[in-house]
Amino acid sequence: MKRLGLIALVLMLAGGMVAFAGGAPEADTAVAEDNLERSLEVDISGLRSADGQTLLPELSSKQVPPRPDNPRSLPETDPLHWYDMEYLGWGVAEKINIPDSPADGAIGKRVIAIINGDHPYLTAYSNGMQKIADAYSMDLTVLSPNWDLAEQNQMLDEAINERPDMIILVPLDARVAIQQVRRVNRAGVPIILSNMLPEEEAMQYAIAWTGPDDWGQFREMARVWADELGRSGGVAYIRHAPGGSPYFARTYGPITELAEYAPDIETLDMQAPGFEAEATMQVVSDWLTRFGDRLTGIGLADDSAQAIGTIEALRRAGREDVLVIAAGNSKVGMDMVQDGDLLAITYQSAEADGAVALKTAVDWFNGLDVDPVLYIPKQVITQENVEDFMPAQW
Amino acid sequence: MSEDRTLRQNRFSVLISVLGIYFLAAILLIVGVMVSERFLSAANMLSVVGGVTILGLVAVGAAFVTYSGHFADLSIPTTMAFSGVMAVEALQFGIVAAIFTGLLVGLLIGLINGFVIGKFRANPIVWTLAMAFVTRGLMRWIWSNRQIYPEVEGAATGAGQHFVNLYRYHLLGVIPMTVVVLAAFAIGLHFVMKQSSFGRQLQITGASFEAARLSGINVSRNVGLAFLICAMTAAVAGIFLTSLSRVGAYYMGEGYDFAAVTAVVIGGVTLAGGRGSIVGVIGGVLVIGLMRNVMTLMGIDTFAQTIVTGAVFILAVGIQSNSLRRLGRDDA
Amino acid sequence: MPSQTDVVTFVNRYRILLLLALVFLFMALFAPRFLNMFNMTIIMKSASLNAMAAIGFTIVLICGHLDLSVSSTISLGAVLVIGFRPDLGWSGAIVAAVAAGGVVGLVNGLLVAKARIHSFIVTIGTLTIVQGIIYVYTGGAALNVTGALDFALADFLEDPILLFFPPRVIITILVIVGFEVFFLRTKPGRNFYMVGGNRETAWLAGVKADAYVIWAFIISGCAAALSGALFAIGISSATTDLGVNSLMIIVAATIIGGASMNGGKGQVLYSGIAVLMLTVLFNGLNRFGVGSEFRILASGVILASVVLYEAYSNYKKERIRGQRPELLKELDPQQLKNVASSLKTRKLQE
């Protein structure tokens with residue numbers, strides 16, 4: 001009897017799933033004829049991010065050298081060893097199966113953005129994106145998989161199912177992105193990648209990639225750092241989480257830059273204790289014991305917890321002379337630059353990061369030419385100019 | 001011949017069971033001295049201790065949960081985060097109100113855990129996991145995934161700076177306040193565990209829940225109190241961690257649950273319950289600190305450190321339980 | 001007419017199916033764009049990863065132990081299948097990845113059964129060690145298939161061939177049903193329950209408990225590695241922390257599915273259905289467009305309710321332990337009342 005009940009329940013469930021399934025996704029509303037004209041007329045130059053900066057200033061460019069035959073065979077201190085990571089996306093010879101732009105204007109378009117997780121930076125990122133969406137009256141949904149890859153895949157599938165006009169994806173991982181972007185591409189939905197760099201192969205399926213020039217901004221900051229260090233001494237690095245592009249860019253960006261700009265600076269060690277103040281504090285303390293006065297500079301992949309732990313360790317050891325740089329620019333980091341605890345951080349506008357991704361989509365909807373790679377502006381924040389960037393976005 | 005061997009093995013086992021974790025600490029100290037001449041310096045030792053005080057605070061409380069035979073409290077990280085965030089939120093009413101609110105939130109979570117597990121006998125791991133889910137979800141919903149800053153929330157009253165300095169105060173200019181608080185908790189909780197009637201009852205409860213219940217001990221109350229103590233130290237640790245990080249956020253304290261279990265168990269508190277001491281737990285915390293310190297001094301990278309830590313953990317606990325078994329105890 | 005106790009037993013017994021039906025019905029009625037073939041496919045695919053890994057966790061739990069190392073074993077299977085692909089081809093790589101998972105399980109099993117170290121300790125340890133090994137093997141970066149770039153197998157595994165069932169899902173279902181039949185219908189399978197439920201009976205019945213515990217851990221390692229491997233093939237790549245979020249979901253699902261931390265209870269099929277239920281819930285919540293905090297909150301509330309319900313009914317049972325309610329029923333109620341009131345008056349007089 002009970003078994004019969006069980007079977008009946010299963011059958012009902014399965015039957016329900018089959019019977020109800022099959023409803024076609026909703027079709028989008030028609031677009032007015034003068035939409036393109038009105039879209040092109042929208043002026044967003046007046047938009048500002050929460051720190052008072054222009055939301056979308058002039059984008060920065062990058063010199064792309066020719067690719068060496070086998071970058072990986074070069075030593076790790078050679079900038080060209082990292083060629084495929086740093087100049088990612090520029091070398092794509094041919095894009096595959098990219099849908100044609102409808103060229104009927106951005107107003108009223110439906111865009112689904114799938115970010116990689118919940119983080120104050122990404123909250124500001126979404127705010128920036130929303131400002132552009134509001135300016136063009138677009139229907140924007142931002143979804144977060146909370147750092148779970150399986151979840152992000154699910155969301156991508158769900159997004160495809162909804163047939164939006166554009167998907168914007170912040171990949172959780174560079175290599176996984178290839179298959180993710182390919183799936184979207186195969187389904188015929190246009191996609192723009194944002195913030196985190198994917199592997200080169202993924203770029204051929206996407207309209208463009210937009211985001212910070214992590215390598216470039218760390219190179220710029222490394223020079224400021226080297227000058228302050230007197231182009232000598234020893235430095236160590238606290239790294240980003242293993243796997244992502246910052247894990248390499250924020251360590252090997254400065255290492256390769258210093259190898260050319262200030263070859264006398266010695267790289268002592270690099271560790272990845274995660275984003276935890278107490279653990280970072282201990283690593284830095286251990287370094288101070290191990291290297292003593294030889295350690296004169298520390299490079300950080302994060303200006304919040306890692307910076308707090310580092311500065312605390314230096315203060316306890318009475319080693320405020322050690323010069324610390326970090327990837328910015330959270331409120332915590334800016335305060336520390338203002339107090340002189342940090343020598344420099346990078347200006348990476350989270351709102352601009354989100355805004356430029358959607359703006360690129362807007363340009364594409366409007367039928368304009370879109371570059372394959374677009375960088376948000378980079379700047380180095382030091383004690384001198386930190387006031388200009390207050391209050392912090394996150 | 002063979003008797004002699006057993007005897008010698010037993011001596012070794014006695015040594016392990018008495019000295020326990022401090023045996024391992026001594027080995028690490030010797031390795032440390034061989035690796036670096038600066039290892040024994042006051043600065044390095046202070047940094048080893050300074051790097052694990054928050055973990056230590058969590059561990060001395062979590063020890064009570066394990067001691068009572070209830071494995072672990074997986075809601076420790078969210079308790080820490082919730083206390084921290086609420087403290088920052090209450091900074092607008094002053095520093096005292098902030099600390100009070102933070103502790104209250106921790107105690108409330110402990111009370112719920114204690115009630116459900118002590119009274120209704122829910123499985124501690126599963127219940128505290130559910131609790132962790134619920135509290136994390138709540139925090140993220142209430143504060144919309146944002147983090148809040150003590151300096152901003154406490155700007156009006158000037159309490160923000162005090163709050164940030166909580167972690168940074170030094171007694172007599174040298175000893176960090178956190179270490180003093182940890183010492184106070186450790187000593188206090190040591191007496192609670194070993195001298196008070198509650199501690200003795202808890203030991204019987206941990207040794208055998210049924211026997212304790214049948215002999216008229218109020219087991220529900222005791223188990224509940226164990227979870228309350230755990231939540232209380234987690235709240236204190238959370239407030240310190242928030243003060244250190246200058247940020248109140250839902251993600252604070254992640255990883256402290258397993259780290260605390262590691263310290264507690266490696267320190268000789270058996271998972272079966274009823275055995276161990278706060279002195280051992282402090283030893284376990286120190287060993288974790290020393291191990292990270294020595295490995296970084298040796299230049300071992302993060303990845304290899306992970307492997308070594310896991311192996312040492314299994315080995316240390318394995319040897320301990322093996323020794324106990326040799327001595328005819330805890331044969332389970 | 002079914003009595004009240006019959007209903008309660010039915011609900012208790014098929015709790016997870018009823019929960020699934022309830023969640024599904026709610027989402028079908030209220031969540032926008034929930035009920036369509038494509039979305040059903042998404043749900044089935046998303047549930048596959050954790051559902052298969054939950055097999056092992058459940059069987060270890062049935063034996064009265066814990067396997068916290070499943071999350072890094074999932075990642076291990078994923079990383080190895082992609083890493084070995086260029087040298088061994090797909091089939092060789094899958095075998096190698098599953099074997100590696102089996103080795104992790106064997107080590108766990110030996111340490112638990114032979115070295116007599118608590119499984120909680122052992123598997124926290126191997127969780128860390130395996131994660132470290134993955135980092136060393138990959139250098140911290142994710143792996144992907146390169147070169148010939150054959151996405152053929154990936155596309156085959158991920159595209160539905162029957163209604164909303166892609167091959168990866170079908171494999172998962174077959175494996176789960178296979179184990180379910182093995183554990184419930186065969187003698188060695190049932191022995192697993194005996195080992196976890198009542199060690200003494202198992203000993204008296206001549207069941208070698210240690211061997212079963214070791215096998216449970218091996219099955220767990222293999223299942224976790226296989227689920228990670230299949231997932232990795234599906235996305236043609238593997239991250240170093242693929243399984244990191246799986247552990248808590250698997251623990252929650254297994255308990256919601258009716259297994260007990262004390263051993264001897266649970267079914268791999270029900271654990272799988274519980275994973276499916278949580279996936280339907282998450283998918284539905286996504287359809288409403290709410291943030292991930294609601295996913296965490298909802299799974300927490302469901303888990304808490306299930307645990308509370310179970311604990312409370314046990315508590316009630318415990319309170320009347322040793323009493324004989326059927327005997328009380330036979331007594332005359334009026335008589336009982338008289339006794340009670342006379343007791344009360346005596347108490348008042350004192």
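In the text below, chain A, chain B and the rest are named by the order of the sequence lines, each starting its count at 1.
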Report which part of C/Ser260 has an atom under 4.5 Å of a heavy atom belonging to chain B: side chain, backbone, both, or neither.
neither

Rounding to 0.5 Å, atoms CD1 (C/Ile129) and OG1 (B/Thr306) come to a distance of 10.5 Å

Please flag which part of B/Ile125 lies under 4.5 Å from any non-hydrogen atom of chain C: side chain, backbone, both or neither.
side chain

Check whether more than 12 heavy atoms from other residues, nucleotides or ligands sit under 6.0 Å from atom CZ of B/Arg146, and answer yes or no.
no

Measure B/Asp301 against the heavy atoms of chain C and call it side chain, backbone, both or neither at under 4.5 Å.
neither

Taking side chain as everything from C-beta outward and backbone as N, CA, C, O, which of these in C/Leu66 sits under 4.5 Å from a heavy atom of chain B? Side chain, backbone, both or neither.
side chain

How long is the span from the CZ atom in C/Arg116 to the CG atom in B/Leu324, to the nearest 0.5 Å?
13.0 Å

Parallel, tilted or perpendicular: which fits the ring planes of C/Tyr315 and B/Phe120, with parallel below 30° and perpendicular above 60°?
perpendicular

More than 12 foreign heavy atoms under 6.0 Å from OH of C/Tyr312: is that the case here?
no

Using heavy-atom distances under 4.5 Å, tell me whether C/Ile134 contacts chain B through its side chain, its backbone, both, or neither.
neither

Could you check C/Val136 against B/Ile307 for side-chain contact (heavy atoms from CB on, under 4.5 Å), going step by step and ending with a plain yes or no?
CA-CA 9 Å; C/Val136 171; B/Ile307 300 180; 4.0 Å; yes

Might you work through the side-chain contact (heavy atoms from CB on, under 4.5 Å) test for C/Phe120 and B/Val261, ending with a clear yes or no?
CA-CA 10 Å; C/Phe120 190 77; B/Val261 178; 3.5 Å; yes

Answer with side chain, backbone, both or neither: which region of C/Ala304 has an atom nearer than 4.5 Å to a non-hydrogen atom of chain B?
both

To check you understand the geometry: which heavy-atom pair defines the closest contact between C/Ala252 and B/Leu129, and what is its length?
N-CD2, 4.4 Å

So which part of B/Ala132 gets closer than 4.5 Å to some heavy atom of chain C, the side chain, the backbone, both or neither?
neither

Shorter than 4.5 Å, heavy atoms on both sides: which option in C/Gly291, C/Ala298, C/Ser292 has the most such pairs with chain B?
C/Ser292

I'd like to know which of C/Val301, C/Ile117, C/Asn262 tops the heavy-atom pair count under 4.5 Å against chain B.
C/Ile117

Quick one: what part of B/Val116 sits under 4.5 Å from any heavy atom of chain C, side chain, backbone, both or neither?
side chain

Please round to the nearest 0.5 Å and tell me the distance separating atom CG of C/Leu127 and atom CZ of B/Phe313.
10.5 Å

Chain C contact via B/Phe71 - which portion, at a heavy-atom distance below 4.5 Å
side chain

Gap between atom CG of B/Leu271 and atom CD1 of C/Ile121 - 0.5 Å precision:
4.0 Å

Which atoms of C/Ser305 approach chain B - backbone, side chain, both or neither, heavy atom under 4.5 Å:
neither

Greatest number of heavy atom pairs closer than 4.5 Å to chain C - which of B/Ala304, B/Gly318, B/Ala311, B/Gly310
B/Gly310

